[in-house]
Amino acid sequence: MAIVTPMKTPAETSLEGAFARLRDTLPGAAAERRAAFARYAERGLPHRRVEEWKYTDLRAALRDAAPLAERPAAVPAGAPDLGAPRFLIANGHVLSAPASLPAGVTAVSLREALTAGHPALSALGDPLAAGNAAVELNTAFMTDGIILTVESGVTVTEPLHLAFVNEGSQPFATAARVLVMVGGGASVTLLETHQGPAGVAYQPNTMVEIVAGDGARVDHARLNGEGDAAIVLSSLSLRLGRETELTSVNGVFGAALSRHQVFATFAGESAKASINGLALLSRTQHADSTLVVDHAEPGGESRELFRTVVDDEAAGVFQGKIIVRQKAQKTDGRMMSGALLLGEASAMYNKPELEIFADDVACAHGATCGALDEDLLFYLMARGLPKPEAEALLLQAFVGEVVETVSNEAMREVLTGRIESWLKARAAR
Amino acid sequence: MIEIRNLVVEIEGQRILDGLNLTVKDGEVAAIMGPNGSGKSTLSYVVAGREDYEVLDGEVLLNGENILEMAPDERAAAGVFLAFQYPLEIPGVGTMTFLKAAMNAQRRHRGEPELATADFMKRVNNAAEGLGISKDMLKRALNVGFSGGEKKRMEILQMALLQPAFCILDETDSGLDIDALKIVADGVNALRSPDRSFLVITHYQRLLNHIVPDTVHVMAKGRIVKSGGKELALELEANGYADYRNLAA
């Protein structure tokens, strides 16, 4: 009898070798790491015949798996200053934490927690993301990160900044993990920035988990400002208690290939979440936004607004799935993805999905793709705006609608600045 | 002065303008009247530089310079202004942002320095006041949620700020009630000057009671078929266009 062994790619072989070598030296959670790696290894790296990865063929993109980065000796420069207490996570290792934290907020490094044990660790891991290759690999390899706890009832006025900085001249991989436990009725703003060197095909794989207690309020915004050759995986897990309100916005500018996955579970009644994103893509960039929104309890409200601008031969992907469980009556879900294609060879793949098992719900989704409106361009040009300027104004307005959903002003400015430089670079070409 | 000479224009193989000739002198207000489909709006778009049209022959000279090869923004900087029949709504683009971008783009084009914010604000506020444009309207996205009358007033505001040499008003009266019509007409009349000329396109005599033209031209089948003084508009109002449809054939 012939034994069929699926052929492993060099990247898959490297990942196996790396895990075998490192599993006893990585901090703690040995059993969880092994289980996660085994779940990953069942199917290997996902490729285009795996439905959830149809438009982002990770197996083809990841020629080889780069070695896991060591903790950098020096503090890399260049993380943006958002005027907020900042955690610096370099190449997947926590380099610094704010000297003092706002009242009601505590933080411990994940490495420390995994080594010494920590009560919050039981919350690590999202069942909705089980079997997802990026998530399982992050769990298998997680090097360090932060466990942040916001006490119940505390309103944290200062935003907290998680600055992920990558540095290196040769390809490397990172696996940082952040867990944020927001107590009932507490309120907090989280800002994430990601950056790294240009021209280096480094491979960050980060995961942020936010567990929001009943009545909590969380504003989250994220900037992907990674280097132009990076292959970036990021996962965001959101677990919402009763009557929580959460917003999350992701702005994509960097990376050769990026996939940002959001797993949102409405675990309590009447929770509200708005999950938005914008992306400005050029050259041969590929950016994937994949969402799974699981309404498990009644009365939830979810809103998704994604805006993608695709130039040159770049490609954008939006996959959004809303699940409404039988119990989740009176769910109100609306998902919208819009794309502007600027180049002849620009591409956008939109895949909205609804899985509804309850009968009293309001769910809608929509997807649009198109060129810039010629009538609007003519109107602006007839008032004296040169074509590049007229286009820039319309593009800025298009993605600006998403920027406006970011509550933090400093982050809005950072995103607006990135948009402006992208548009300037485009006009100069 | 604008001179249109033997302008022949097609769109998708269909001839819309068929050897049109028209001269509007400095300081002159010329009205063009004509039945639906005579090519009035096409004329305005072709002069402003819209791309969908194929110009087969002719010239459009603005102060002796043929503008037909220019992009719409270059024509604007040279002094052409089209007040749109249906001004467009531009979500996400603030009215003030747009006004400033337009004014500064034209200034840059002419080699003039950009306006200081205070100077810009003063100009906008002065012009807006005369047109009954509220501060709230100026704060909103351009034309978004504006009524028909508000949109037309916003067009005239732009005209006042950009100070063009040649203004085309494409059915600016359409969709306006009598009060709004008067505000718009007063705005236009305030801009009349010896070195600025206007082309007022309209179906109806009514607008011309408020913006009194120096000359009136009847357009049919892509040509000017009759020209005269302001009394020609009254004659058209009384008799309709029937006589002229045949003239063009």
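Note on naming: letters A, B, ... go to the chains in the order of the sequence lines (proteins, then strands), and numbering restarts at 1 for each one.
When heavy atoms are compared at a cutoff of 4.5 Å, Leu162(B) approaches chain A solely by way of its side chain, counted from C-beta outward. Using a 4.5 Å cut-off between heavy atoms, Arg50(B) contacts chain A through both its backbone and its side chain. Residue contact with chain A, scored on non-hydrogen atoms closer than 4.5 Å, is absent for Glu74(B).
Nearest heavy atoms, Glu69(B) versus Arg75(B): N-NH2, 4.5 Å.
In this structure the side chain of Ser44(B) reaches within 4.5 angstrom of the side chain of Ile201(B), judged on heavy atoms. Met336(A) places a side-chain heavy atom less than 4.5 Å from the side chain of Thr368(A). Using a 4.5 Å heavy-atom cutoff, the side chains of Leu7(B) and Leu43(B) are in contact. Residues Thr95(B) and Met137(B) fail the side-chain proximity criterion, which asks for heavy atoms closer than 4.5 Å.
Heavy-atom pairs under 4.5 Å with chain A were tallied for Ala76(B), Gly92(B), Pro72(B); the largest tally goes to Pro72(B). Among Leu142(B), Asp52(B), Val93(B), the residue with the largest count of heavy-atom pairs under 4.5 Å with chain A is Val93(B).
Residues of residues 381-404 of chain A having a heavy atom under 4.5 Å from any heavy atom of chain B, listed by number: Met381(A), Ala382(A), Arg383(A), Gly384(A), Leu385(A), Pro386(A), Glu389(A), Leu393(A), Leu394(A), Ala397(A). Of residues 96-107 of chain B, those residues with a non-hydrogen atom less than 4.5 Å from any non-hydrogen atom of chain A are, in numerical order, Thr97(B), Phe98(B), Ala101(B), Ala102(B), Ala105(B), Gln106(B).
No side-chain N or O of Asn408(A) forms a donor-acceptor pair with one of Thr189(A) less than 3.5 Å apart.
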